Protein chains: 2
Amino acid sequence: MTDAPTEILHATQCALCEHGYADLTMQDIADETDLSKASIHYHYDCKHDLLLAFLDHLYERFEERIDDPDGETPAERLCALVDSIVTERSDAPAFQTALLEIKAQSPYDEAFRERLQRFDDAYVEAVREIVEAGVADGSFREGVDPDVVASFLATFVNGVQTRHVGVGHPLDESAEAVHTYIDETLLVESSTGNATGSSGGVEIGGASE
Amino acid sequence: MTDAPTEILHATQCALCEHGYADLTMQDIADETDLSKASIHYHYDCKHDLLLAFLDHLYERFEERIDDPDGETPAERLCALVDSIVTERSDAPAFQTALLEIKAQSPYDEAFRERLQRFDDAYVEAVREIVEAGVADGSFREGVDPDVVASFLATFVNGVQTRHVGVGHPLDESAEAVHTYIDETLLVESSTGNATGSSGGVEIGGASE
DNA sequence: CTTAGCTGACTGGCTGGTCAGTCAAAAATA
DNA sequence: TATTTTTGACTGACCAGCCAGTCAGCTAAG
């Protein structure tokens with residue numbers, strides 16, 4: 001049994017997946033717990049505070065997830081880092097949608113923006129370090145600028161999520177596109193081998209749920 | 001003076017910029033017109049119908065805008081097409097935000113999704129044609145697949161908007177990143193000359209007075 | 001007894017949508 | 001032409017439902 005505040009944060013995630021951010025009510029969250037709506041107000045002063053706490057909670061898990069991605073070579077690690085966001089997870093689709101809703105609210109909310117900035121900064125930095133390692137290591141081209149590539153990939157990954165949520169563009173197609181980008185633009189061209197040890201031969205048209 | 005329905009659509013855009021999608025009320029829209037809230041219900045049965053009509057209205061302007069972009073060479077035209085969405089305009093930031101809010105609602109609304117799909121399809125197709133022309137024309141590498149590149153750029157452009165709205169990532173930096181991508185990945189490497197002249201662009205919802 | 005945790009019942013504000021009725025202009029009628 | 005009727009555009013007032021947040025009070029543990 002976890003303590004109430006943590007249980008509420010967990011319930012918030014469930015409720016977000018089921019109802020989305022826009023339609024999220026305190027009652028929805030309460031319904032995912034053994035507590036009443038009033039109890040949630042006992043632990044978190046207002047809805048806004050709860051959401052901020054939730055984002056902070058989420059960031060901690062995010063940080064762990066992107067820290068030290070799987071893979072031997074920088075190319076593999078870079079792909080793993082991209083996939084960690086792009087690849088579909090069990091509860092992902094609905095949750096990604098809710099996150100995009102929150103992103104879209106960030107201009108109206110300084111505190112949200114600040115939190116999202118942390119996610120972005122952490123991700124860009126993680127990518128940058130790997131690219132930097134790849135260049136030092138000799139597996140990436142000499143010309144590549146880690147800062148530029150990191151920002152480019154971060155932007156692209158944002159696009160993957162948005163386009164997936166917005167028009168249902170399949171994630172695996174996007175994933176393959178990034179892998180191709182990494183192989184062709186970043187890697188020094190030795191053999192045509194792709195160090196991209198990702199899902200072999202994914203093709204277009206996977207009907208995503 | 002325009003007719004009432006058109007005036008209401010215009011008012012919808014203004015209200016969206018001022019209040020965002022999430023906080024948009026029928027009263028907000030009415031306040032941007034000489035009409036009352038009830039009058040808007042006279043012309044559009046419900047809020048949802050009005051929003052759909054607004055998206056249709058927007059699509060018409062979007063189609064015209066991306067049709068036949070400025071530029072002599074395919075590379076120039078491609079950059080113009082990218083810039084037409086990426087480049088900032090006076091009232092753009094707020095409106096881009098509202099559009100992202102709508103995108104984030106698309107999973108909950110079949111009709112929205114259908115409209116957004118049209119935007120995406122039209123844009124991808126416009127890019128594809130230009131890339132195809134570039135390959136035929138010899139200015140782009142032989143290996144490039146117009147479909148893949150078009151989808152890649154469409155995804156990236158989505159990311160540009162999302163990252164701009166979500167964490168305030170500067171648009172011009174993104175624009176430069178795409179230009180670099182086009183120069184280095186698409187263009188056959190003759191002289192390092194970049195045909196990439198960034199032009200004053202337009203985008204999804206240029207509010208014409 | 002005190003207090004932390006919790007709750008049902010309630011409130012106040014907001015918002016989409018309705019409705020009876022106003023009004024001017026077009027259409028019909030004499 | 002003069003008068004009446006119809007109709008399209010519009011409106012203020014109102015309603016029903018929803019939801020964040022409040023509060024007095026309950027209970028069990030220390």
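Worth saying up front: this structure is predicted, and the values here are computed from it rather than measured. Quick note: numbers below take in every heavy atom, side chains included, and nothing from hydrogens, waters or symmetry partners. Chain A is the first sequence line, chain B the second, and so forth, proteins listed ahead of strands; every chain is numbered from 1.
- Note on residues 20-70 of chain A: pairs passing ring pair (Phe, Tyr, Trp, His ring centres under 6.0 Å), not counting sequence neighbours, are A:H48-A:F112, A:Y59-A:F119, A:F62-A:F119.
- A:G71 and A:R77 make their closest contact through O-CG, 3.3 Å (heavy atoms, listed as atom of the first residue, atom of the second, distance).
- Of the candidate nucleotides C:dG8, C:dT18, C:dG16, C:dG16 has the atom lying nearest to any side-chain atom of B:K37.
- Remark: A:T185 engages no residue in a side chain to side chain donor-acceptor pair (under 3.5 Å) (not counting sequence neighbours).
- A:D183 and A:T180 share no side-chain donor-acceptor pair at under 3.5 Å.
- Taking atom CD of A:E7 as the reference point, atom C1' of C:dC6 lies 13 Å away to the nearest angstrom.
- Donor-acceptor pairing under 3.5 Å is lacking for the side chains of B:T155 and B:N158.
- For the side chain to side chain donor-acceptor pair (under 3.5 Å) test, residues two or more places apart in sequence or in another chain that qualify with B:E132 are B:R128.
- Rounded to a whole Å, the NE2 atom of B:H41 is 5 Å from the C1' atom of C:dG17.
- No more than 12 heavy-atom neighbours from other residues, nucleotides or ligands sit within 6.0 angstrom of CG on A:D70.
- Where DNA chain D meets chain A (any atom under 4.0 Å from a heavy atom), the bounding nucleotides read 5' to 3' are D:dC19 to D:dC23.
- Separating the CG atom of B:L50 from the P atom of C:dG17 is a distance of 10 Å, rounded to the nearest angstrom.
- Not counting sequence neighbours, the partners of B:D49 by the side chain to side chain contact (heavy atoms under 4.5 Å, CB included) test are B:D45, B:C46.
- B:D49 has its CG atom 13 Å from the C1' atom of C:dG16, to the nearest Å.
- If you check residues 23-32 of chain A against DNA chain D, the residues with a heavy atom closer than 4.0 Å are A:L24, A:T25, A:M26, listed by number.
- No N or O donor and acceptor, one from the side chain of B:K47 and one from the base of C:dG17, sit under 3.5 Å apart.
- A straight line from NE2 of A:H43 to C1' of C:dT7 spans 12 Å, rounded to a whole angstrom.
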